[in-house]
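Structure, as structure tokens:
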Amino acid sequence: MEKDNANPTILNTSQLPTRKGRRGRKVQRDAGSRITDVMRKPRYLSDPFYDISWSDDTESDDEFAAEPIDEQEVYDLISTISDPEHPLSLGQLAVVNLPDIDITPSPSAAADPNTLTRVLVRITPTITHCSLATVIGLGVRVRLEQALPPNYRVDVMIKEGSHSQDDQVNKQLADKERVAAALENGTLKGVLDKMLETCV
């Protein structure tokens with residue numbers, strides 16, 4: 001199979017966006033405070049009337065609370081999809097980028113879980129005449145529809161000006177009947193399954 005872009009720009013995995021600081025993580029204490037916690041004589045040995053509390057004040061229930069799905073989580077779902085031409089992921093080839101993912105309404109913990117939420121992903125093909133742009137967009141759509149809750153509506157588009165036929169490709173990706181027919185094609189389904197093998 002001849003490749004459209006035999007020499008794409010490749011990002012190192014350290015250059016890919018990740019979630020820097022997670023909410024709900026415990027603050028790391030210095031080594032000295034850990035040693036005194038371990039070496040300290042338990043109070044129940046020195047005070048016979050010491051009432052042991054079973055609750056731990058250092059942990060909160062917020063640590064296990066459900067967090068809303070945000071752009072970073074959507075990026076994490078689709079960045080590991082394999083490119084159909086290259087043995088690299090869409091994230092490494094910068095086909096999918098964090099700034100090109102929009103969720104409306106904006107995610108919040110207080111949002112009603114039954115509210116319809118739109119996820120818009122704009123993909124950037126590696127070259128302007130990429131013949132597999134529709135297949136890549138279809139792979140992104142399938143991955144998100146499989147992974148996101150049913151109240152999420154997925155739209156995948158080619159980023160404006162990044163493909164010579166972006167209007168035609170966007171029309172194909174937005175046509176639900178055409179997408180359903182494509183998913184019934186055995187050969188195309190095999191390509192999509194191969195692309196999604198790397199997703200965890």
Side-chain angles (χ1 to χ4, degrees), residues 3-5 7-20 67-108 111 115-183 188 191-200:
K3 296 181 180 185
D4 278 348
N5 186 4
N7 193 17
T9 302
I10 301 169
L11 297 177
N12 189 335
T13 52
S14 64
Q15 295 172 303
L16 301 178
T18 60
R19 198 173 296 280
K20 299 259 189 275
E67 293 180 10
I69 296 171
D70 62 356
E71 289 84 355
Q72 179 67 52
E73 191 163 351
V74 171
Y75 177 82
D76 292 342
L77 287 170
I78 61 176
S79 66
T80 56
I81 297 173
S82 292
D83 184 82
E85 271 189 320
H86 303 282
L88 300 165
S89 71
L90 298 183
Q92 289 174 307
L93 292 169
V95 173
V96 293
N97 299 295
L98 187 58
D100 297 332
I101 299 171
D102 293 314
I103 299 178
T104 51
S106 186
S108 69
T115 302
L116 283 180
T117 305
R118 179 180 184 233
V119 177
L120 172 63
V121 178
R122 290 179 209 85
I123 60 175
T124 309
T126 56
I127 52 173
T128 57
H129 58 278
C130 179
S131 62
L132 295 171
T134 309
V135 175
I136 293 170
L138 190 59
V140 169
R141 174 186 280 286
V142 168
R143 172 68 175 141
L144 291 177
E145 286 179 351
Q146 289 174 349
L148 295 175
N151 62 313
Y152 280 72
R153 300 296 177 256
V154 177
D155 290 323
V156 180
M157 299 176 65
I158 300 292
K159 193 171 181 179
E160 191 174 341
S162 65
H163 195 277
S164 59
Q165 298 174 333
D166 55 0
D167 290 336
Q168 290 176 352
V169 175
N170 287 337
K171 188 175 179 180
Q172 289 176 350
L173 290 172
D175 188 345
K176 292 180 182 179
E177 290 177 9
R178 200 176 267 191
V179 168
L183 293 176
L188 187 55
V191 172
L192 291 174
D193 290 342
K194 184 89 172 135
M195 288 172 62
L196 299 176
E197 278 180 355
T198 55
C199 298
V200 285

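FYI, side chains are in, hydrogens and waters are out, and symmetry mates aren't considered; it's all heavy atoms of this structure.
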### Message
Quick check for you: to the nearest 0.5 Å, what is the distance between I78 atom CD1 and L98 atom CG?
### Response
9.5 Å

### Closest approach of G91 to V96 (non-hydrogen atoms, all atoms of both residues)
N-CG2, 3.9 Å

### Listed partners of D166 passing salt bridge (charged side-chain N to carboxylate O under 4.0 Å, His left out), at least two apart
none

### Value rounded to 0.5 Å, distance of CG in L90 from OG in S82
7.5 Å

## Note on the structure
Smallest heavy-atom separation, L77 atom then I81 atom, equals O-CG1, 4.4 Å

### Pairs flagged by salt bridge (charged side-chain N to carboxylate O under 4.0 Å, His left out) wherever residues 143-153 is involved - sequence neighbours left out
R141-E145

### Task
Output yes when a side-chain donor or acceptor of H163 lies under 3.5 Å from a complementary backbone atom of C130, and no otherwise.
yes

### Task
Might you work through the side-chain contact (heavy atoms from CB on, under 4.5 Å) test for V154 and V121, ending with a clear yes or no?
CA-CA 8 Å; V154 177; V121 178; 5.5 Å; no

Using distance only, find each side-chain donor-acceptor pair of residues 174-182 under 3.5 Å and give its atom names and separation, not counting sequence neighbours.
| unit_1 | atom_1 | unit_2 | atom_2 | d |
| --- | --- | --- | --- | --- |
| D175 | OD1 | E177 | N | 3.2 |
| D175 | OD1 | R178 | N | 3.4 |

### Summary
Quick note, salt bridge (charged side-chain N to carboxylate O under 4.0 Å, His left out) partners involving residues 115-135, not counting sequence neighbours, are D102-R122, R118-D155

#### Entry: Spatial distance of atom CD1 (I136) from atom CG (L192) [nearest 0.5 Å]
11.0 Å

### Task
Could you tell me which residues satisfy side-chain contact (heavy atoms from CB on, under 4.5 Å) with S89, sequence neighbours excluded, listed by chain and number?
Q92

#### Entry: Approximate separation, where rounding is to 0.5 Å, of T104 OG1 and L120 CG
8.0 Å

#### Entry: Contacts of type side-chain hydrogen bond (donor to acceptor under 3.5 Å, both in side chains), residue N151, not counting sequence neighbours
none

### Task
Just jot down the side-chain contact (heavy atoms from CB on, under 4.5 Å) partners of S162, sequence neighbours excluded, or say none.
T124, P125, I158, K159

## Note on the structure
Applying side-chain hydrogen bond (donor to acceptor under 3.5 Å, both in side chains) to K194 and not counting sequence neighbours gives none

### Side-chain donor/acceptor of D83 to backbone N/O of E85, under 3.5 Å
yes

### Task
Could you please spell out the steps behind the side-chain contact (heavy atoms from CB on, under 4.5 Å) verdict for V142 and M195?
CA-CA 11 Å; V142 168; M195 288 172 62; over 6 Å; no

### Query
Is there a side-chain contact between V191 and L132 (heavy atoms, below 4.5 Å)?
no

#### Entry: Between CD1 on residue I103 and CG on residue L148, distance to nearest 0.5 Å
8.0 Å

### Task
State which residues pass side-chain hydrogen bond (donor to acceptor under 3.5 Å, both in side chains) with D167; sequence neighbours excluded, sorted by chain then number.
none

### Query
Sequence neighbours excluded, which residues qualify as side-chain hydrogen bond (donor to acceptor under 3.5 Å, both in side chains) partners of Q72?
D76

### Summary
By side-chain contact (heavy atoms from CB on, under 4.5 Å), L173 pairs with (sequence neighbours left out) T134, V156, V169

### Message
Rounded at 0.5 Å granularity, tell me how far CG in L93 sits from OG1 in T126.
### Response
6.5 Å

